[in-house]
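Because the structure is a prediction, the values reported are computed rather than measured.
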Amino acid sequence: MAGTPMLPPNLVAGGANMEGNAAAAPPTPGTDMTGICFRDQLWLNTYPLDRNLVFDYFALSPFYDYTCNNEQLRMRSIHPLDISHLSKMTGIEFMVSEVMEPHLFVMRKQKRDGPEKVTPMLTYYVLDGSIYQAPQLCNVFSARVGRALYYISKAFTTAASKLEKVGYVDTEDDSTSHEPKAAKETIDFKEVKRVDHILASLQRKLPAAPPPPPFPEGYTPPSTAEGEQGPETEQADPSVDPILDQGPAKRLKYA
């Protein structure tokens with residue numbers, strides 16, 4: 001173990017413990033310690049951080065549990081990660097699950113109930129010499145869901161404010177748009193006179209209308225009585241259009 005002293009702090013600090021008094025048990029690490037970080041720069045400057053010494057470095061942190069099976073192996077001068085001895089014990093133990101020397105080491109805290117029965121508890125990782133506790137999966141889901149709900153609520157609030165602003169502007173536009181429309185609908189008499197002058201000049205330049213074609217053979221024009229009654233009826237009923245209200249067109253029969 002490279003000769004690094006790994007005694008609990010309460011066993012080293014007090015001289016009363018060396019006189020035979022009962023040593024106080026070190027505190028058990030809490031379940032949620034994701035808010036703290038441990039780093040011992042003096043140790044990192046003295047020893048290399050690799051898979052053989054990473055457990056000794058982890059044992060200095062407040063995440064370490066001195067009641068684990070690894071500590072019992074250390075007291076017996078056995079490597080604390082020796083799986084041949086750990087598999088024969090029951091209780092809390094630490095194992096190195098992933099290694100990417102010298103930057104990343106993943107430590108897993110688990111409860112062993114038998115040689116093949118292990119229940120994972122917590123996960124820690126050593127990243128460039130700093131030790132952290134990995135958050136639990138339920139906490140990760142809770143944080144992600146809370147963040148998503150926050151952004152969704154913020155989006156709805158922004159959309160509601162935008163809609164209110166758009167509706168307010170539309171009402172203002174409706175109230176103020178009547179005057180420009182009224183101004184556009186006014187008739188420019190100068191423009192009307194100019195168009196009439198152009199049409200009159202074009203009419204003078206056009207030739208006279210040709211005479212109507214003669215009646216076909218066999219066609220009898222209406223009697224004079226009907227012709228006399230036509231103007232009288234037109235004068236009597238001025239609302240009747242003489243062009244549109246003549247009824248269906250008559251087909252002419254050619255001989």
Side-chain angles (χ1 to χ4, degrees), residues 8-9 26-45 47-71 80-81 83 86 91-113 116-181:
T28 303
T31 303
D32 187 7
M33 302 178 68
T34 56
I36 64 175
C37 169
F38 175 81
R39 183 181 181 89
D40 190 343
Q41 192 61 42
L42 180 62
W43 193 98
L44 296 174
N45 295 336
Y47 304 99
L49 189 60
D50 54 16
R51 66 181 64 208
N52 295 321
L53 297 178
V54 66
F55 188 87
D56 294 338
Y57 181 62
F58 179 77
L60 296 174
S61 68
F63 307 108
Y64 184 65
D65 190 353
Y66 285 96
T67 62
C68 63
N69 298 335
N70 308 87
E71 184 65 23
L81 298 178
I83 190 61
L86 289 175
I92 305 299
E93 65 181 22
F94 291 91
M95 289 295 296
V96 179
S97 58
E98 296 183 16
V99 176
M100 295 179 60
E101 293 181 346
H103 301 290
L104 178 62
F105 303 87
V106 180
M107 308 286 298
R108 185 174 66 245
K109 184 178 182 180
Q110 56 191 13
K111 182 180 180 182
R112 181 176 293 276
D113 297 325
E116 302 295 336
K117 187 177 181 181
V118 177
T119 304
M121 298 176 61
L122 297 172
T123 303
Y124 308 90
Y125 59 95
V126 184
L127 180 62
D128 292 331
S130 300
I131 305 177
Y132 307 88
Q133 177 183 342
Q136 297 183 3
L137 190 59
C138 60
N139 295 335
V140 174
F141 285 160
S142 177
R144 295 294 176 85
V145 172
R147 182 177 298 179
L149 290 177
Y150 167 76
Y151 284 114
I152 291 174
S153 176
K154 187 177 180 181
F156 275 113
T157 303
T158 305
S161 62
K162 294 289 184 180
L163 291 175
E164 292 178 358
K165 185 176 180 181
V166 169
Y168 180 73
V169 171
D170 290 343
T171 55
E172 289 185 350
D173 293 342
D174 294 340
S175 61
T176 57
S177 61
H178 294 293
E179 297 180 359
K181 288 182 180 179

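Within 6.0 Å of atom CD in Gln41, more than 12 heavy atoms from other residues, nucleotides or ligands are found, so the atom counts as buried in its surroundings.
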Item to complete: Given side chain to side chain contact (heavy atoms under 4.5 Å, CB included), test Leu122 with Gln136 step by step and report yes or no.
Response: CA-CA 7 Å; Leu122 297 172; Gln136 297 183 3; 3.3 Å; yes
Discussion item. Set out, in order, the CA-CA distance, both residues' side-chain angles and the distance that settles side chain to side chain contact (heavy atoms under 4.5 Å, CB included) for Glu71 and Tyr64, then state yes or no.
Written reply: CA-CA 10 Å; Glu71 184 65 23; Tyr64 184 65; 2.7 Å; yes
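Taking the six-membered ring where tryptophan is involved, the planes of Phe58 and Phe55 are tilted, since the angle between them lies from 30° to 60°.
Checked options Val99, Leu49, Val96; the residue passing with Val126 is Leu49 (criterion: side chain to side chain contact (heavy atoms under 4.5 Å, CB included)).
The salt bridge (Lys or Arg N to Asp or Glu O under 4.0 Å) pairs that include a residue from residues 91-106 are Arg51-Glu101, Glu93-Arg112, where partners are two or more places apart or lie in different chains.
In plain terms, the two heavy atoms of Ser130 and Arg39 that are nearest each other are OG-NH1, 3.1 Å. Closest heavy-atom contact between Phe94 and Phe63: CZ-O, 4.0 Å. Looking at every heavy atom in both residues, Pro135 comes nearest to Val140 through CG-CG2, 3.9 Å. Ala59 and Tyr66 get closest at one heavy-atom pair: O-OH, 3.3 Å.
Met95 has its side chain within reach of Leu86: a pair of non-hydrogen atoms, C-beta onward, lies under 4.5 Å apart.
In this view, Pro102 satisfies the side chain to side chain contact (heavy atoms under 4.5 Å, CB included) rule with no residue, not counting sequence neighbours. Applying the salt bridge (Lys or Arg N to Asp or Glu O under 4.0 Å) rule to Arg108 yields no partners; only residues at least two apart in sequence or on another chain are considered. Judged as a side chain to side chain contact (heavy atoms under 4.5 Å, CB included), and not counting sequence neighbours, the contacts of Asp40 are Phe38, Leu42, Trp43, Tyr57, Leu60. Judged as a side chain to side chain contact (heavy atoms under 4.5 Å, CB included), and not counting sequence neighbours, the contacts of Leu104 are Met100, Val106, Tyr125, Leu127.
Leu44 CG to Leu53 CG: the interatomic distance, rounded to the nearest 0.5 Å, is 11.0 Å. Expressed to the nearest 0.5 Å, how far CG of Asp65 lies from CE of Met121 amounts to 8.0 Å. Taken from NZ in Lys117 to NZ in Lys111, the straight-line distance is 9.0 Å, to the nearest 0.5 Å.
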Can you give me every donor-acceptor pair (side chain of residues 141-155, partner residue at least two apart or in another chain, under 3.5 Å) with its distance?
none

